[in-house]
Amino acid sequence: MKLPQSYYLQEDVVAIARDLIGKKIVTMVGDQLTSGMITETEAYRGYDDKACHAHLGKFTKRTQVMYENGGVAYVYLCYGIHNLFNIITNTQDHADAVLIRAVEPVDGVEVMLKRRNKLKLDKTLTSGPGNFSKAFALDKTHYGAFLTGDLVWIEENELFRFRESEITTTTRIGIDYAQEDKDLPWRFYLNTSKFISKR
DNA sequence: ATAGCGATGAGCT
DNA sequence: GCTCATCGCTATA
């Protein structure tokens, strides 16, 4: 059920970002289980992608986990407020990552509502990378966490099937500084879901 | 030691 | 569409 490490070791991060749509992501934090179906992702490709934190092999305390073997979490704080959750892919020294930008809630909606200080379920509960991370209690303590472990993982979603036409391929958000790479079609979302950060 | 800034989200117009 | 909260990372000195 849990995706094995070999899944994350695949070399095409863009293909993985697309393939993760429809899969189930689960966290077990403080005895509270939350899960959801992944509806929106973006690919960031290590060395040659100007939008990637590891562009041209940039190696800092923040980016170091990106260079590990695929199957670990890369979480960083954005705008001083939001934790953004990424999955590291490819083999060691290839700093590729997939940003999870939105999910559709499945289990633990009450827990998510509490974490988000909300009273009722609507699409803002888990759409947008900062909102998703907060609802799933993903933060800096998950930096480097193994996705084969018992804290956060991804499962195959046998029951859910969709047509190819339900996946929209488009450009990534918030990376205008990346010059010629800002228009790469590396964002994917399930256009039949309400839980999308931006259409 | 510190200036500059960002893979965002909320609220208001 | 516009503003701004908020702070750790990064580069530079």
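Naming convention: chains lettered A, B, ... in sequence-line order (proteins, then strands); numbering from 1 in each chain.
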From CD of A:Gln64 over to P of C:dG8, roughly how many Å is that when rounded to an integer? 17 Å
Can you tell me the distance, in whole Å, between the NE2 atom of A:His82 and the P atom of C:dC9? 16 Å
Under 30°, 30 to 60°, or over 60°: which ring-plane class applies to A:Phe59 and A:Tyr67, parallel, tilted or perpendicular? tilted
Please find the earliest and latest nucleotides of DNA chain B, in the 5' to 3' direction, that have an atom within less than 4.0 Å of any heavy atom of chain A. B:dG6 to B:dA10
Hey, does [X] reach any base, or is it just sugar-phosphate, or nothing, if we go heavy atoms under 4.0 Å?
X        : answer
A:Ile173 : sugar-phosphate
A:Asn86  : base
A:Lys182 : nothing
A:Arg116 : sugar-phosphate

State which of C:dA11, C:dC9, C:dG8 makes the closest approach to the side chain of A:Arg62. C:dC9
Please determine whether a side-chain nitrogen or oxygen atom of A:Thr60 lies at a distance below 4.0 Å from atom OP1 or OP2 of C:dT10. yes
How long is the straight-line distance from CH2 of A:Trp186 back to CG of A:Asp181, given to the nearest 0.5 Å? 6.5 Å
I want to confirm an ordering. Mapping A:Ala54 and A:Lys118 to their closest nucleotides on DNA chain B, which one lands closer to the 5' end? A:Ala54
Paired nucleotide for C:dT6 [Watson-Crick or G-U wobble; both distances under 3.5 Å]: none
Strand partner of B:dA1, provided both Watson-Crick or wobble distances fall under 3.5 Å: C:dT12
Charged tip of A:Arg172 within 45° of A:Tyr44 ring normal and under 6.0 Å: yes
Steps toward ring-ring contact (aromatic ring centres under 6.0 Å, His included) verdict (A:His53, A:Tyr76): CA-CA 11 Å; A:His53 292 162; A:Tyr76 74 96; 4.6 Å; yes
